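Reading through the structure tokens given below for one structure.
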Amino acid sequence: MSRYRLQPTPVQEAALLEHCGHARYVWNLAVEQHAHWRPGLKSAPGFAEQCRQLTQARAEFGWLRAGSIIVQQQALKDFAQALANFFGGTHRRPGWRRRGRGEGFRIVAVKPGDVRRVSRNVGEVRVPKVGWVRFRWSRAVPVGVRSYRVTRDAAGRWHVAFAAIPAPVPGPGTGGVVGVDRGVSVSAALSTGELLNAPTLRDTEKRRLLRLLRGLARAERGSNRRGRVKAAIARLKAREVDRRKDWVEKTSTDLARHFDVIAVEELKIGSMTRSAKGTLAEPGRNVRQKAGLNRGILANGWGLLVERLEHKAPGRVQKINPRYTSRTCNACKHVAGKSRESQALFLCVACGWRDNADVNAARNIRDTAAGHAVAARGGAGLPEPVNREPQHDRLPVG
């Protein structure tokens with residue numbers, strides 16, 4: 001999607017919030033209908049039946065009829081898609097929506113005249129029951145858009161995203177292969193020797209965030225002061241997220257333009273960032289340390305970087321088994337855990353090869369993708385037995 005910053009007036013913002021409330025209300029009704037289903041009962045209503053029920057509800061309730069039918073029907077369609085994703089095993093079961101979290105709605109059947117450019121940096125989009133709403137024309141709007149989604153984040157910012165599939169970034173055609181090792185201290189280490197770090201909050205912003213969190217703990221629930229503190233925290237965190245997304249976009253585009261094959265480790269980030277607190281019967285150990293590691297992994301955008309690489313370079317991203325990539329010497333292929341003396345230093349105990357530990361791992365990933373590593377010839381990357389090429393001069397003759 002191509003997302004743009006929406007700039008509604010106070011009156012328009014109130015109308016957009018009303019659309020968000022209608023979409024949230026219809027979604028929660030659908031969740032409630034499916035929550036009552038039990039094995040042996042008649043199946044819960046599907047999208048078509050829910051649309052008929054929505055028509056009856058709009059005829060009975062004037063406040064619902066005053067809203068946009070497109071917004072309300074698309075909320076039901078979003079729920080149907082979320083339910084299909086759940087039964088497909090790719091997402092969790094759709095749950096309740098709360099006010100102020102994940103606010104938004106979708107508009108379909110967009111006509112060519114519903115989006116127009118007003119000036120160099122300003123555009124307008126027609127929203128049903130709202131009218132023309134301005135947005136920042138930061139780049140060209142994709143041609144032939146048929147739908148868009150309006151969202152409001154926790155920091156109170158409005159955005160409009162036009163649904164369009166962009167063209168992939170063309171590769172250089174030189175056959176170049178690059179390995180990318182993702183880490184916590186270094187966000188992405190490249191086999192070329194570059195060390196890339198995702199931007200985060202500045203030191204002054206971190207200190208301010210800490211003061212705000214302390215103030216939030218002292219604020220009374222439901223008070224105006226607590227609401228102001230939460231809004232200030234959301235603005236700081238939104239700033240951090242924006243910087244990380246901007247870094248991911250620039251890094252993924254740069255890699256897609258300069259390399260034909262991009263090799264990354266196949267990591268299960270969801271399992272790696274799972275909480276270690278355990279249960280009451282079996283409490284976890286080192287819970288606070290594991291929580292800090294989880295925050296570090298998520299703050300470096302591991303999953304988003306690979307996701308955007310797959311969008312921009314489809315078919316050119318290879319996922320490599322991460323086993324022993326950080327313990328293998330790129331020079332002699334010797335595997336030893338003691339070779340990695342520290343987080344940053346790799347010193348091979350066999351040949352004395354010295355390199356940055358993350359760069360060494362990235363080069364192992366690159367070689368595996370290029371077919372030069374031991375693991376690429378069918379082995380598991382284990383130190384014993386060594387997977388070797390056939391020695392023709394030692395084969396029996398005749």
Side-chain angles (χ1 to χ4, degrees), residues 1-9 12-13 15-17 19-20 23-24 27 68 70-71 74-75 77-78 81-82 85 91 97 100-128 130-169 198-199 231 234-254 256 298-299 301 303-314:
M1 286 190 174
S2 299
R3 197 174 71 151
Y4 303 79
R5 182 73 175 270
L6 208 59
Q7 299 170 334
T9 64
Q12 291 174 339
E13 186 173 8
L16 293 177
L17 285 173
H19 279 340
C20 292
R24 183 176 61 253
W27 172 283
S68 171
I70 299 177
V71 171
Q74 291 306 307
K77 192 167 187 179
D78 289 343
Q81 182 61 49
N85 294 338
H91 294 71
R97 286 186 175 177
R101 181 180 298 178
E103 297 278 21
F105 57 90
R106 183 172 51 167
I107 300 296
V108 297
V110 177
K111 301 177 182 178
D114 290 343
V115 182
R116 65 188 183 187
R117 188 170 188 174
V118 178
S119 64
R120 179 180 179 182
N121 297 322
V122 178
E124 286 184 336
V125 58
R126 190 197 302 271
V127 181
V130 179
W132 291 100
V133 183
R134 293 196 168 193
F135 64 91
R136 180 171 177 81
W137 194 284
S138 55
R139 59 191 179 280
V141 175
V143 180
V145 293
R146 302 298 301 275
S147 66
Y148 63 84
R149 185 179 294 273
V150 175
T151 57
R152 182 179 184 270
D153 59 16
R157 304 176 303 176
W158 291 91
H159 295 89
V160 56
F162 299 99
I165 301 178
V169 178
R235 286 192 293 269
L236 273 178
K237 292 188 174 180
R239 191 178 305 171
E240 181 181 17
V241 172
D242 288 345
R243 291 173 185 171
R244 180 166 58 246
K245 287 184 177 180
D246 180 71
W247 175 82
V248 166
E249 293 296 333
K250 292 178 179 177
T251 303
S252 57
T253 301
D254 186 67
L298 297 175
L304 182 60
L305 178 61
V306 175
E307 179 182 355
R308 295 302 289 146
L309 282 173
E310 291 177 335
H311 292 164
K312 298 178 181 180

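Since the model is a prediction, treat every value here as computed from it, not as a measurement.
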Problem - ring pair (Phe, Tyr, Trp, His ring centres under 6.0 Å) against Phe135, all qualifying residues, sequence neighbours excluded - result: Tyr4, Trp137, Phe162
Practice task
State which residues pass ring pair (Phe, Tyr, Trp, His ring centres under 6.0 Å) with Trp247; sequence neighbours excluded, sorted by chain then number.
Solution key: none
Qualifying residues under side chain to side chain donor-acceptor pair (under 3.5 Å), relative to [X], sequence neighbours excluded:
| X | value |
| --- | --- |
| Lys250 | Asp246 |
| Arg117 | none |
| Arg106 | Gln74, Asp78 |
| His311 | Arg308 |

Taking all non-hydrogen atoms of both residues, which atom of [X] and which atom of [Y] are closest, and how far apart?
| X | Y | answer |
| --- | --- | --- |
| Cys20 | Phe105 | SG-CD2, 3.9 Å |
| Tyr148 | Val160 | CD1-CG2, 3.7 Å |
| Ala75 | Ala23 | CB-O, 3.6 Å |
| Gly301 | Arg244 | N-CD, 3.8 Å |
| Thr253 | Val169 | O-CG1, 4.4 Å |
| Pro8 | Leu16 | CB-CD1, 3.9 Å |

Exercise for the section: Please round to the nearest 0.5 Å and tell me the distance separating atom CZ of Arg97 and atom CZ of Arg24. Expected result: 9.5 Å
Exercise for the section: Any chance you could measure Ser138, atom OG, to Arg5, atom CZ, to the nearest 0.5 Å? Expected result: 11.0 Å
Any residue meeting salt bridge (charged side-chain N to carboxylate O under 4.0 Å, His left out) with [X], in chain and number order, not counting sequence neighbours:
| X | answer |
| --- | --- |
| Glu124 | Arg116, Arg134 |
| Arg136 | none |
| Arg157 | Asp153, Asp242 |
| Asp254 | none |

Exercise for the section: Look at the side chain of Glu103 and the backbone N and O of Trp158, then say whether any donor-acceptor pair between them is shorter than 3.5 Å. Expected result: no
Exercise for the section: Walk me through it: do Val150 and Ile107 pass the test side-chain contact (heavy atoms from CB on, under 4.5 Å)? Expected result: CA-CA 8 Å; Val150 175; Ile107 300 296; 5.6 Å; no
Non-hydrogen side-chain atoms of [X] and [Y] separated by less than 4.5 Å:
| X | Y | result |
| --- | --- | --- |
| Asp114 | Val125 | no |
| Val71 | Pro128 | no |
| Val130 | His19 | yes |

Exercise for the section: Apply side-chain contact (heavy atoms from CB on, under 4.5 Å) to Lys312 and Glu249, showing your working. Expected result: CA-CA 10 Å; Lys312 298 178 181 180; Glu249 293 296 333; 2.9 Å; yes
Practice task
Return the set of residues passing side-chain contact (heavy atoms from CB on, under 4.5 Å) with Arg239 (not counting sequence neighbours), or none when no residue passes.
Solution key: Glu205, Leu236, Arg243
Fill in the blank from the handout: Hits for side-chain contact (heavy atoms from CB on, under 4.5 Å) against Val306, two or more places apart or cross-chain, chain-then-number order -> Arg182, Val264, Glu310, Lys319
Exercise for the section: Show the numbers, then the answer: is there a side-chain contact (heavy atoms from CB on, under 4.5 Å) between Val248 and Glu307? Expected result: CA-CA 10 Å; Val248 166; Glu307 179 182 355; over 6 Å; no
